[in-house]
Amino acid sequence: MDSASRAEYLRAIGIDLWVPRHGPRVPPLAEPAAGPGPGAAAAEAGDPVEAKWQALWSEVRDCRKCPLHESRTQGVLGVGHREASWMVIGEAPGAEEDRRGEPFVGRAGQLLDAMLRAIGLSRGSNVYIANILKSRPPGNRDPRPEEVAACLPYLHRQIELVRPKLLLAVGRIAAQTLLSSDAPLARLRGAVHHFGERNTPLVVTYHPAYLLRSPADKRKAWEDLKFARSVMAQIDGDRT
Ligand code: URA
């Protein structure tokens with residue numbers, strides 16, 4: 001390993017780099033917590049994509065398809081650039097996300113931001129972030145199959161609207177759900193899978209909340225991120 005790669009590697013797996021301190025504050029592009037939202041005028045003016053986003057948002061906001069609507073503060077749709085090349089998919093909002101209406105804004109979110117920065121990405125520019133579930137399961141328990149079944153169509157519509165070049169599934173729940181697999185995460189890492197009718201390439205890595213509990217696995221997560229970056233480079237190369 002040359003010294004530049006080594007420095008990059010050490011920075012990336014080290015807590016210093018992965019816990020952002022003075023990183024630029026990127027304005028969140030979360031969906032509005034209430035009201036018609038900034039795209040309502042565009043939707044009314046006949047922008048069909050904007051109209052689809054607006055419809056999706058208001059359905060998630062008013063959703064009562066599963067009992068989670070009784071305990072949640074609000075539905076959490078997504079954040080980031082709506083034409084992003086990368087789409088990161090997590091599990092479900094936690095307490096902080098439920099309160100603020102934006103995915104990955106708690107401690108795990110800070111680590112996710114640092115992981116993304118390590119491969120040159122940020123949630124405000126080239127990434128869109130969403131979850132399998134749009135409502136917080138009480139006590140952060142695992143999503144139940146019936147909750148996933150009720151909520152998944154929203155994510156499918158989001159993916160169809162963003163049309164990312166690459167999906168990054170973080171954690172077992174996201175990976176197993178998107179791949180309709182019950183294989184352990186360790187078996188799903190390190191390969192290019194494909195999702196949906198567009199066969200969108202999908203790469204799997206650890207959930208940042210898991211990495212906070214098991215920092216020794218940051219090394220493997222860094223391998224996954226470099227792998228995802230190389231897959232994207234290949235996709236971009238193939239298209240030019
Ligand atoms: N964990 C997730 O999977 N998603 C979030 O939005 C926050 C924590």
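Counting convention: from 1, in listed order, for ligands and their atoms alike. Quick caveat: nothing in here was measured; it's all calculated off a predicted structure.
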Q) Of the options I89, L133, L155, I132, which is the one that meets T177 in a side-chain contact (heavy atoms from CB on, under 4.5 Å)? A) I132
Within a distance under 4.0 Å of any heavy atom of [X], pick out the atoms of ligand 1 and give their elements.
X: H207; result: 1 (N), 2 (C), 3 (O)
X: G90; result: 3 (O)
X: E91; result: 2 (C), 3 (O)

Q) Got a sec: does the CD of E83 have more than 12 other heavy atoms crowding it under 6.0 Å? A)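 No, the 6.0 Å shell around CD holds no more than 12 heavy atoms from other groups.
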(Q) Counting only heavy atoms closer than 4.0 Å, does ligand 1 sit against the backbone of P103, its side chain, both, or neither? (A)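 Both parts.
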**Q.** Mode of A209 contact toward ligand 1 - side chain, backbone, both, neither (heavy atoms, under 4.0 Å)
**A.** neither
Q. Is there a donor-acceptor contact under 3.5 Å linking the side chains of D98 and T73?
A.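 On atom types as modelled, these side chains qualify, holding a pair under 3.5 Å.
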(Q) Nearest 0.5 Å, please: how far is CD1 in I159 from CD in E197? (A)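 Going from CD on E197 over to CD1 on I159, the span is 12.0 Å.
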Q: Give a yes or no on whether the backbone of A174 and the side-chain of E91 come within a donor-acceptor separation of less than 3.5 Å.
A: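 Absent.
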Q | Nearest-contact summary for atom 4 (N) of ligand 1 - protein heavy atom, Å | A |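 Of the protein heavy atoms, N131 OD1, 2.8 Å lies nearest.
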Q | For atom 5 (C) of ligand 1, closest protein heavy-atom neighbour | A | A92 O, 3.3 Å
Q: State which residues pass side chain to side chain donor-acceptor pair (under 3.5 Å) with R198; sequence neighbours excluded, sorted by chain then number.
A: E160
